[in-house]
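Structure first, then comments.
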Protein chains: 2
Amino acid sequence: MYQYEYPHPAVTVDSVVFGLDNEELKILLIRRKLEPFKGAWALPGGFVQMDESLDDAAKRELMEETGVEKLYLEQLATFGKPDRDPRERVITVAYVAIVNLFDHTVKADSDAEEAGWFPVEDPPELAFDHIKILAAALNRLQGKIRYQPLVFEFLPEKFTLSQVQKLYETVLCRPLDKRNFRKKIQGTGMVIPLDEYEMDVSHRAARFYYFDRKAWEEKSGEGFHFSI
Amino acid sequence: MYQYEYPHPAVTVDSVVFGLDNEELKILLIRRKLEPFKGAWALPGGFVQMDESLDDAAKRELMEETGVEKLYLEQLATFGKPDRDPRERVITVAYVAIVNLFDHTVKADSDAEEAGWFPVEDPPELAFDHIKILAAALNRLQGKIRYQPLVFEFLPEKFTLSQVQKLYETVLCRPLDKRNFRKKIQGTGMVIPLDEYEMDVSHRAARFYYFDRKAWEEKSGEGFHFSI
DNA sequence: CCAAAAGTGTTAGAGATACACCCATGG
DNA sequence: CCATGGGTGTATCTCTAACACTTTTGG
């Protein structure tokens, strides 16, 4: 039993985990085992432990629930309306995460928890105010992807330019001109062609490229603007 | 006395309040009356009450400490390293605020609390991790001011274009070309000239303008890009 | 030879940048 | 008449946007 002179809220972290599944943008949801909202789908998350930072809490919860260690993670915002949880006052720090579903497999079920990937555009009913958090996360992703190289967090080490373009189109919900897109991507100097090509495709084989993280880190220091 | 089955952290809100004082960008600080960091300068803030939202808590604290009701307020980020407060686990939700020091006077001292405005570039030693919060806030301000009309939150209803330009230069820490700046500002269609001019200045009197909030609200809906 | 996706350049227009002088006012 | 800041236009350049056909491969 823990006692305080003044009331303290509970604090949780919840993550909106984006992934690219079969060229569709999806989010990871967990089915709740406990009341309230028992049986409903919800964002993965949980209570912040007293000895861990918020970032560490988000990482730990995602590790526990997806088994993925390496992922992109950034704080989104904190949601704290007094009545957002019917049990007690719960303030949640929301995160945006991106997992690479090519290089890492995500365990769909962990310690008897049901988990699943759902289309961003058509999610099921969500517990609490999680639909609002999802909206904020999508907004952040759409805004940030235009001037930071987040796309490569979704893609395998080696990718084709068409994959990159389709991903941008999916996230931004608008078509991009192929020639202008390729010019711009290659003009950054951070997307480097390999001498490898697709195999066994029934059309001209696409060239593979990789993202040069070092070049990005160097250039991003000096106010470099990515910009799609 | 309040009891919980699991330990709960304390949650506070802290605000970085920016204001334009004599053409200098300043922040509002409060001198701490209590341990820890008694006597040190700190960001204004305090504990979140159980029945108020985070935004409401930030507004209430600022009202109590500055007497200002109308101000620009936006959530910045949440800081929660386990050891950021020596007493107990305290997670703080940081806000960025802007007060207009032309139209509203801020009471420098409130209920026996010492308060003061300090240059952003040269603040005193701050309590807790508040220097990190300040850095994040300044970063947010510099980023956001380029594509959202935040400058007008600092300025009086009626202002001159030179005031606007100097403010941009102050915040962005770089000079701007006068003619190009004026073209761009006027090109937005949201900064409207008045038939009023400065009085009693020992040089050509500058024209006054006002910011058309309605035009901004309409245009910002349709993906309008401010951009300086 | 057909279907399917990869790959490739040029042109026109819009927006950004660079730049220098005259004007109005108070002292 | 001098000091101080207010106010104005043009030329160049860069970046963006629009646009259509040829290439490669498997079936």
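In the text below, chain A, chain B and the rest are named by the order of the sequence lines, each starting its count at 1. The analysis underlying the following values was restricted to heavy atoms, covering all of them including side chains, and did not include hydrogens, waters or symmetry mates.
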Can you measure Ile185(A) atom CD1 to dA6(C) atom C1' for me and round it to whole angstrom units? 16 Å

Within the structure provided, determine whether Val16(B) and Leu43(B) are in side-chain contact (heavy-atom separation under 4.5 Å). yes

Interatomic distance where CZ belongs to Arg207(B) and C1' belongs to dT25(C) [whole Å]: 17 Å

To the nearest angstrom, the CD-C1' distance between Glu23(A) and dA4(C) comes to 14 Å

Please work out which residues in residues 157-174 of chain B have a non-hydrogen atom less than 4.0 Å from an atom of DNA chain C and list them by number. none

Main-chain N/O of Leu161(A) paired with Gln165(A) side-chain donor or acceptor, under 3.5 Å: no

What integer distance in Å separates Leu176(B):CG from dC19(C):P? 15 Å

Test side-chain hydrogen bond (donor to acceptor under 3.5 Å, both in side chains) applied to Asp177(A) - qualifying residues, sequence neighbours left out: Asn180(A)

Please report the distance, rounded to the nearest Å, between CZ in Phe181(B) and P in dG7(D). 12 Å

Using the test ring pair (Phe, Tyr, Trp, His ring centres under 6.0 Å), find all partners of Phe181(B) that sit at least two apart in sequence or belong to another chain. Tyr168(B)

Residue list, ring pair (Phe, Tyr, Trp, His ring centres under 6.0 Å) with Phe159(A), at least two apart or on another chain: Phe152(A)

For Tyr197(B) and dG6(D), what is the distance between atoms OH and P respectively, to the nearest whole Å? 14 Å

Check the surroundings of atom NZ in Lys144(A): do more than 12 heavy atoms from other residues, nucleotides or ligands lie under 6.0 Å from it? yes

List the protein contact pattern of nucleotides 17-27 of chain D with one symbol per nucleotide (5' to 3'): B for base contact, S for sugar-phosphate-only contact, - for none; contact means a heavy-atom distance under 4.0 Å. BBBB--BBBS-

Within a reach of under 6.0 Å around CD of Glu196(B), are more than 12 heavy atoms found that belong to other residues, nucleotides or ligands? yes

Once side-chain contact (heavy atoms from CB on, under 4.5 Å) is applied, do any residues pair with Ala57(A), and if so which ones, sequence neighbours excluded? Val13(A), Val48(A), Glu52(A), Arg60(A)

Looking across every strand, which nucleic acid part, if any, lies under 4.0 Å from Arg182(A) by heavy atom: base, sugar-phosphate, or nothing? base

